[in-house]
Amino acid sequence: MAKIELKQPIIEEIKNYLQDAQSVVVVDYRGLTVEQDTRLRKELREAGVVYKVYKNTMVRFAIEGTEFESLKDDLKGPNAIAISTTDATAPARILAKFAKEVEALEIKSGVVEGTYYDQAGIKAISSIPSRDELLAKFLGSIQSPIANFARVLNQIAEQQGGAAEA
């Protein structure tokens, strides 16, 4: 069996992960202990993020001709990629939070919703709350004036009810 035939399934696996991906973040994982890596993988898995280590050449072949092709210059040395299909900011958020705790983890770059970001850009994106948090804040801000209005009406009704009794 030729080497290309052995590598093709791995390239196809990467392409399948990237097919519906909203974001991909490349990190240098050198220096992580097994315990730290296990904890990181667990956090990412709970958020629905795929975190894998592949050979750089395999990733280069897989991203060729896709919106993630801009990552090819950052694929030097040992890398891991975090791929999310549901929440575009989840990989950046989780990895940046983990990188603050564990200095060995280094974020290299990423592509979020088709736009390439360097290390500083990914760190900026990591500060954006998740979609669910943003929706909750939005609904809270919409609900607040209505709730205040209802309280005022209730107080007026109580005051008029008290005046009628007197």
Side-chain angles (χ1 to χ4, degrees), residues 9-148:
I10 297 168
I11 294 169
E12 290 302 318
E13 177 184 335
I14 299 168
K15 282 183 178 182
N16 287 339
Y17 284 131
L18 295 176
Q19 189 172 9
D20 298 324
Q22 290 186 11
S23 65
V24 174
V25 178
V26 178
V27 295
D28 182 348
Y29 62 90
R30 277 185 289 193
L32 290 180
T33 65
V34 174
E35 181 219 333
Q36 292 167 337
D37 189 53
T38 304
R39 206 172 76 223
L40 174 62
R41 287 176 185 269
K42 182 178 183 265
E43 277 186 55
L44 290 166
R45 191 173 36 255
E46 287 172 355
V49 177
V50 175
Y51 179 78
K52 296 267 189 175
V53 176
Y54 292 108
K55 287 187 158 260
N56 291 334
T57 53
M58 303 289 185
V59 176
R60 276 192 200 98
F61 282 124
I63 64 176
E64 198 171 288
T66 68
E67 63 184 334
F68 304 107
E69 194 167 10
S70 54
L71 293 172
K72 71 177 181 280
D73 295 335
D74 298 315
L75 296 173
K76 294 179 179 91
N79 295 309
I81 58 173
I83 306 166
S84 177
T85 57
T86 54
D87 184 359
T89 61
R93 250 192 350 270
I94 295 167
L95 290 168
K97 183 181 128 205
F98 200 81
K100 285 179 186 174
E101 297 171 19
V102 180
E103 305 250 336
L105 186 70
E106 178 191 339
I107 297 174
K108 287 187 169 184
S109 64
V111 173
V112 179
E113 294 182 340
T115 306
Y116 173 82
Y117 295 96
D118 61 357
Q119 183 180 23
I122 291 295
K123 287 185 179 178
I125 285 176
S126 71
S127 65
I128 298 172
S130 71
R131 183 177 188 272
D132 293 338
E133 288 176 53
L134 288 172
L135 285 173
K137 287 180 181 180
F138 176 69
L139 290 175
S141 66
I142 289 175
Q143 185 180 7
S144 179
I146 296 169
N148 289 340

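Start at 1 with the first residue, then count along the sequence.
Separation of atoms CD1 (Ile11) and CG (Asn16) is listed at 12.0 Å; rounding is to 0.5 Å. Taking CG from Asp20 and OG1 from Thr86, the interatomic distance works out to 11.0 Å, rounded to the nearest 0.5 Å. How far CG of Leu95 is from NZ of Lys108: 13.5 Å, rounded to the nearest 0.5 Å. The CD1 atom of Ile83 lies 11.0 Å from the CG atom of Leu44; values are rounded to the nearest 0.5 Å. The distance from atom NZ of Lys15 to atom CE of Met58, rounded to the nearest 0.5 Å, is 12.5 Å. Put simply, OG1 on Thr85 and OH on Tyr17 are 10.5 Å apart, with the number rounded to the nearest 0.5 Å.
Of the possible donor and acceptor atoms, none in the side chain of Lys52 sits under 3.5 Å from a partner among the backbone N and O of Ile14. For Glu13 (side chain) and Pro9 (main-chain N/O), no donor-acceptor pair under 3.5 Å exists by modelled atom type. Although no hydrogens or angles enter the test, the distance criterion places no donor-acceptor pair under 3.5 Å between the side chain of Ser23 and the main chain of Val112.
The closest side-chain donor-acceptor pair between Tyr116 and Asp74 falls under 3.5 angstrom.
Proximity of Val53 to Pro78: side-chain heavy atoms (C-beta onward) are nowhere separated by under 4.5 Å. At a threshold of 4.5 Å between non-hydrogen side-chain atoms, the residues Leu71 and Ser109 count as touching.
Taking all atoms of both residues into account, the shortest heavy-atom contact from Ala47 to Ile94 is CB-CD1, 3.3 Å. Looking at every heavy atom in both residues, Val25 comes nearest to Ala92 through CG2-N, 4.1 Å. Of all heavy-atom pairs between Glu113 and Ala88, the closest is OE2-CB, 3.7 Å. Residue Ser84 comes nearest to Val49 through the heavy atom pair CB-CG2, 4.1 Å, listed as atom of the first residue, atom of the second, then distance. A pairwise comparison of heavy atoms in Gly65 and Glu69 identifies N-OE1, 3.2 Å as the closest pair. Nearest heavy-atom pair, Asp87 versus Gln22, reported as atom, atom and distance to 0.1 Å: C-OE1, 3.9 Å.
Within 6.0 Å of CZ in Phe61 there are 12 or fewer heavy atoms belonging to other residues, nucleotides or ligands. Crowding of Lys55 atom NZ: a count of heavy atoms from other residues, nucleotides or ligands under 6.0 Å not exceeding 12.
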Salt bridge (charged side-chain N to carboxylate O under 4.0 Å, His left out) for Lys42 and Glu46? Distances and angles first, verdict last. CA-CA 6 Å; Lys42 182 178 183 265; Glu46 287 172 355; 3.0 Å; yes

Walk me through it: do Asp37 and Tyr51 pass the test side-chain contact (heavy atoms from CB on, under 4.5 Å)? CA-CA 10 Å; Asp37 189 53; Tyr51 179 78; 3.8 Å; yes

Check step by step if side-chain contact (heavy atoms from CB on, under 4.5 Å) holds for Leu75 and Ile63. CA-CA 11 Å; Leu75 296 173; Ile63 64 176; 4.1 Å; yes

What side-chain donor-acceptor pairs closer than 3.5 Å can you find for residues 97-107, not counting sequence neighbours?
{"residue": "Glu101", "atom": "OE1", "partner": "Arg39", "partner atom": "NH2", "Å": "3.2"}

